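Just below is one structure, and these are the notes that go with it.
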There are 2 protein chains.
Amino acid sequence: MTTPGRGLHGHVLDTLGPAITAGEYPPGSVLRTDELAQQFDVSRSVMREAVRVLESMHLVESRRRVGVTVRPKSEWNVYDPQVIRWRLAGADRPHQLRSLTVLRSAVEPVAAGLAAKNATAQQCAELTECALGMVANSRGHRLEQYLFHDVAFHRVILNASGNEMFARLGDVVAEVLTGRTHHEVMFEDPDPAAVTLHVKLAEAVREGDAARAEELTREITVGALQELDILAP
Amino acid sequence: MTTPGRGLHGHVLDTLGPAITAGEYPPGSVLRTDELAQQFDVSRSVMREAVRVLESMHLVESRRRVGVTVRPKSEWNVYDPQVIRWRLAGADRPHQLRSLTVLRSAVEPVAAGLAAKNATAQQCAELTECALGMVANSRGHRLEQYLFHDVAFHRVILNASGNEMFARLGDVVAEVLTGRTHHEVMFEDPDPAAVTLHVKLAEAVREGDAARAEELTREITVGALQELDILAP
DNA sequence: TGTGACAAATAAGTCTGACTTTTTGTTCCC
DNA sequence: GGGAACAAAAAGTCAGACTTATTTGTCACA
């Protein structure tokens, strides 16, 4: 998604970040900058920059004479895309996936309602195109192409809502949908009912029917939640 | 809220962050690390750490031979509490406040519904206590005390939902509520209807009535949205 | 005229070592 | 036992030298 490992400090983050978010260092653990620098075979300046980034994510806290202490999970910036990616790649992936899907179920219906009111003609066209793409790839194990249009569809909805907080959840939704297709058991073709819902949703948005758009999206997200319950009850 | 200006690099951030989020440097602007270091009268290492943090917030991008370029608003990590605070302190505060209130209106009802199912006895007690505190301070210009209980109330709801993504929005809600009381025109006592809604909500959660909790919260957030429309139509 | 390779300039990236500051824990004295 | 002085530890800061990637410009050649 984003460029990984840009520079030495990026490489350090790619290792330390996942380790911390995976709970490899329990909260309260104390790390020393110099020690870490040796372990990763980088200079102190590089390690300091990495620590600063982890600190800005509220994963750790750096204090004089003490060291770099790992913060409890409840204080992490769990909306940071980087943190989300690290956690999705780790052990509590199922738990994380559920949290995010619940978030989707709260946000997307409201976003769809707003999109019905605010979407431009251009966005309506894109939406219909995405829905068409989903239909066209809904059978015959064309999961990859289906996913592509599914992600694009939800991105357009979130953007069309006109709310920047919603729009920025596009990446999160993309991660969740991609994760579902790639990592979870999903050999079968997508649920035809879900495909229909997307087509109808594109329609509702185009017609400016906010209430219907909201309700349809609610059905879509309920489906996503049920899917999780089936896979990991 | 969080400790401001910890160390030199923190001080730099406290100046640069607000400046960038306020649009003082339009997207695409190029900054030079050395130049900034001189301006702020700090060493290059300190400035580099600051830039790294801004980079992790996706406010800027650092590239060799080019410099530190400011990214477009659409790429910022708008869920970063620090970024939220900077923007709330800046010029587009009204716009930001609206975005966040819309987010609340999407998330809180669902969170309340979950809270009704998952809240512990302890949390139910806290909720009732907060509601009582709101009632007790709803008249006689005791805005500060009222705010305190209001913030605590919503935090408990979000925590009790059992969803960590919701729980982490507690700070955001606190900022919005605090901002409303302190910065917006709010000389009058809070709307009695809103107070009643909170009392009823505490009741619904205690009784485990998810549907009612959700509906009551929807009414609360609708009220918050209307309030914004009245203040800045 | 266009194009490709090569060279120069530039700004970030990295490393090192010396020094400062804050915090904590200990010890010693009243 | 409590408080003040002291010592140690780790992060914080700085300055300077060096490396590397990227861009831009130039020049020769087709």
Side-chain angles (χ1 to χ4, degrees), chain A residues 2-17 19-20 25-72 75-77 82, chain B residues 2-17 19-20 24-72 75-76 82:
Chain A
T2 27
T3 336
R6 258 194 342 240
L8 274 189
H9 104 283
H11 177 251
V12 171
L13 281 176
D14 287 340
T15 312
L16 250 190
I20 294 174
Y25 304 93
S29 305
V30 176
L31 313 170
R32 255 89 37 114
T33 309
D34 293 21
E35 213 167 89
L36 289 174
Q38 281 196 340
Q39 279 179 35
F40 286 96
D41 195 38
V42 294
S43 67
R44 288 196 315 282
S45 21
V46 167
M47 183 51 69
R48 285 182 54 74
E49 287 170 25
V51 167
R52 282 277 174 269
V53 172
L54 294 175
E55 200 176 26
S56 89
M57 295 168 174
H58 277 64
L59 295 183
V60 302
E61 189 184 0
S62 178
R63 278 173 53 201
R64 275 180 146 124
R65 165 65 210 235
V66 175
V68 178
T69 61
V70 178
R71 297 185 137 190
E75 295 178 8
W76 297 349
N77 278 177
Q82 184 94 215
Chain B
T2 29
T3 336
R6 257 193 342 238
L8 275 189
H9 104 283
H11 176 253
V12 170
L13 282 176
D14 287 340
T15 312
L16 250 190
I20 294 175
E24 218 161 292
Y25 304 92
S29 304
V30 177
L31 313 170
R32 255 89 38 119
T33 308
D34 294 21
E35 215 167 87
L36 289 174
Q38 281 197 339
Q39 279 178 35
F40 286 96
D41 195 38
V42 294
S43 67
R44 283 203 315 136
S45 14
V46 168
M47 183 52 69
R48 285 182 54 74
E49 287 170 26
V51 167
R52 282 278 175 265
V53 172
L54 293 175
E55 198 177 26
S56 90
M57 296 168 172
H58 278 64
L59 295 184
V60 303
E61 189 183 2
S62 178
R63 278 171 54 199
R64 273 183 147 124
R65 166 62 212 244
V66 174
V68 178
T69 61
V70 178
R71 298 185 131 186
E75 295 177 9
W76 297 350
Q82 185 93 203

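Since the structure is predicted, the reported quantities are computational estimates derived from the model, not experimental observations. Proteins get letters first, then strands, A, B, ... in listed order; numbering begins at 1 in each.
Going from atom CD of A/Gln38 over to atom C1' of C/dC15 covers 14 Å, rounded to whole Å. Rounded to an integer number of Å, the gap from A/Leu8 CG to D/dA21 P is 11 Å. At whole-Å resolution of the value, CG in A/Asp41 and C1' in C/dT16 are 14 Å apart. To the nearest angstrom, P of D/dG12 lies 8 Å from NE2 of B/His9. Between A/Leu36 atom CG and D/dA11 atom C1' there is a gap of 13 Å when expressed in whole angstrom units. In this structure, B/Leu54 places its CG atom 16 Å from C1' of C/dA12, rounding to the nearest Å. When rounded to the nearest whole Å, the span between CZ of A/Arg52 and P of C/dG13 equals 17 Å.
Contact record, A/Val51 with A/Ser62: CG1-CB, 4.4 Å, taken as the closest heavy-atom pair. The minimum heavy-atom distance linking B/Val42 with B/Met47 is given by the pair CG2-CE, 4.1 Å.
B/Glu75 pairs by the salt bridge (Lys or Arg N to Asp or Glu O under 4.0 Å) definition with B/Arg71, not counting sequence neighbours. Residues meeting the side-chain contact (heavy atoms from CB on, under 4.5 Å) test with A/Pro26, sequence neighbours left out: A/Ser29. Contacts of A/Arg48 classified as salt bridge (Lys or Arg N to Asp or Glu O under 4.0 Å), with partners at least two apart in sequence or in another chain: B/Glu49.
In the region residues 43-50 of chain B, proximity to DNA chain D at under 4.0 angstrom, judged on heavy atoms, holds for B/Ser43, B/Arg44, B/Ser45, B/Val46.
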What's the verdict on salt bridge (charged side-chain N to carboxylate O under 4.0 Å, His left out) for B/Arg63 and B/Glu55, showing C-alpha distance, side-chain angles and the deciding distance?
CA-CA 11 Å; B/Arg63 278 171 54 199; B/Glu55 198 177 26; over 6 Å; no
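The stretch residues 33-42 of chain A participates, sequence neighbours left out, in these side chain to side chain donor-acceptor pair (under 3.5 Å) pairs: A/Arg32-A/Glu35.
Atom-to-atom distance recorded for B/Leu16:CG and B/Tyr25:OH is 5.5 Å, nearest 0.5 angstrom.
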Give me, pair by pair, the N or O atoms of the protein and of nucleotides 8-11 of chain C that are less than 3.5 Å apart, along with how far apart they are.
unit_1: C/dA9; atom_1: N3; unit_2: B/Arg65; atom_2: NH1; d: 2.9

